[in-house]
Amino acid sequence: MNSKNKFEPSFYDKVYEVTRKIPFGKVTSYGAIAEFLGRKGSARMVGYAMNNAHYLDDVPAHRVVNRNGLLTGKHHFSPPDLMQQLLENEGIEVENDKVLNFKEVFWKPEF
DNA sequence: ACACTGACCTCCT
DNA sequence: AAGGAGGCCAGTG
């Protein structure tokens with residue numbers, strides 16, 4: 001997976017690392033992660049990394065939504081509703097494939 | 001090494 | 001206000 005050497009984690013690895021640090025009951029956006037990693041305009045890379053992250057059970061991909069709080073990646077889960085179910089299970093209100101109180105449950109990536 | 005892909009974001013009609 | 005197109009850049013064939 002990692003094309004770079006092990007001393008310098010690839011972009012994907014950083015995305016996974018940040019995604020794992022998302023607190024319980026919190027969510028973040030692709031753009032926020034991309035910006036945090038220094039690739040502000042590269043939100044697509046984050047989403048692409050999330051695609052691969054599905055093979056990892058350590059990465060809560062359901063906590064990552066787009067900038068509008070919309071569950072864009074829900075269709076990529078086994079049952080599409082699983083993403084919403086997981087979020088609601090964490091106390092996050094989701095309605096019409098959108099995260100309610102997105103501003104409150106939003107978690108800015110940080111170490 | 002080139003071309004295409006992609007769970008997004010922003011700007012421009 | 002709603003929709004279309006371009007841009008961002010790492011990874012894979």
Side-chain angles (χ1 to χ4, degrees):
Chain A
M1 249 198 274
N2 307 341
S3 37
K4 287 195 173 186
N5 58 64
K6 54 189 174 183
F7 297 102
E8 194 164 328
S10 65
F11 187 79
Y12 279 34
D13 293 326
K14 290 184 178 179
V15 174
Y16 303 146
E17 190 173 347
V18 173
T19 306
R20 289 195 199 95
K21 291 187 173 70
I22 301 177
F24 185 90
K26 294 286 184 176
V27 296
T28 190
S29 65
Y30 302 94
I33 296 175
E35 182 176 332
F36 174 74
L37 295 179
R39 304 300 190 279
K40 188 173 182 181
S42 310
R44 299 179 111 203
M45 305 299 92
V46 179
Y48 196 42
M50 285 293 109
N51 183 18
N52 219 357
H54 245 296
Y55 291 81
L56 309 175
D57 47 347
D58 295 60
V59 182
H62 61 276
R63 293 183 187 154
V64 183
V65 296
N66 72 344
R67 144 154 173 53
N68 293 313
L70 193 68
L71 308 186
T72 56
K74 77 167 240 171
H75 205 276
H76 284 258
F77 282 77
S78 304
D81 293 330
L82 178 63
M83 186 174 186
Q84 179 174 339
Q85 294 298 325
L86 290 171
L87 290 173
E88 288 180 341
N89 191 30
E90 296 189 1
I92 300 175
E93 298 180 70
V94 179
E95 189 170 302
N96 198 7
D97 299 339
K98 187 185 68 178
V99 177
L100 301 182
N101 304 323
F102 179 63
K103 194 173 183 179
E104 296 181 8
V105 297
F106 181 80
W107 174 82
K108 183 175 176 59
E110 60 178 329
F111 293 115

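Residue numbers begin at 1 in each chain, while the letters A, B, ... track the order of the sequences.
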Could you give the [atom1]-to-[atom2] distance, from [X] to [N], as a whole number of Å?
X	N	atom1	atom2	answer
A:Asn51	C:dA10	CG	C1'	13 Å
A:Ile22	B:dA7	CD1	C1'	13 Å
A:Met50	B:dC9	CE	P	13 Å
A:Met45	B:dA7	CE	C1'	11 Å
A:His54	C:dG11	NE2	P	19 Å
A:Asp13	C:dA10	CG	P	14 Å
A:Tyr12	B:dA7	OH	P	11 Å
A:Glu35	B:dC9	CD	P	12 Å

If every non-hydrogen atom of A:Arg20 is compared with every non-hydrogen atom of A:Pro60, which pair is closest and at what distance?
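Smallest heavy-atom distance, with atoms named: CA-CD, 4.0 Å.
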Near DNA chain B, counting only heavy atoms under 4.0 Å, which residues of residues 61-79 of chain A show up?
A:Ala61, A:Asn66, A:Arg67, A:Thr72, A:Gly73, A:His76, A:Phe77
CG-CZ distance between A:Asn66 and A:Phe102, expressed to the nearest 0.5 angstrom
7.0 Å
Closer to the 5' end of DNA chain B via nearest nucleotide, is it A:Tyr48 or A:Gly31?
A:Tyr48
A:Arg63 (side chain) donor-acceptor with A:Ile22 (main chain) under 3.5 angstrom
yes
With a 3.5 Å distance limit and no angle check, can you tell me whether A:Thr28 reaches the backbone of A:Trp107 through a side-chain donor-acceptor pair?
yes
Evaluate the side-chain contact (heavy atoms from CB on, under 4.5 Å) criterion for residues A:Lys98 and A:Leu71: first the C-alpha distance (whole Å), next the side-chain angles of each, then the deciding distance (0.1 Å), finally the verdict.
CA-CA 6 Å; A:Lys98 187 185 68 178; A:Leu71 308 186; over 6 Å; no
Side chain of [X] only, please: which of [options] is the nearest?
X	options	result
A:Tyr30	B:dA7, C:dC9, B:dG6	B:dA7
A:Arg44	B:dA7, C:dA10, C:dC8	C:dC8
A:Ser42	B:dA7, B:dG6, C:dC8	C:dC8
A:Ala43	B:dC8, C:dC9, C:dG11	B:dC8

As a quick check of understanding, evaluate side-chain contact (heavy atoms from CB on, under 4.5 Å) for A:His62 and A:Glu90, giving each step before the final call.
CA-CA 11 Å; A:His62 61 276; A:Glu90 296 189 1; 3.0 Å; yes
Check whether more than 12 heavy atoms from other residues, nucleotides or ligands sit under 6.0 Å from atom CD of A:Glu88, and answer yes or no.
yes
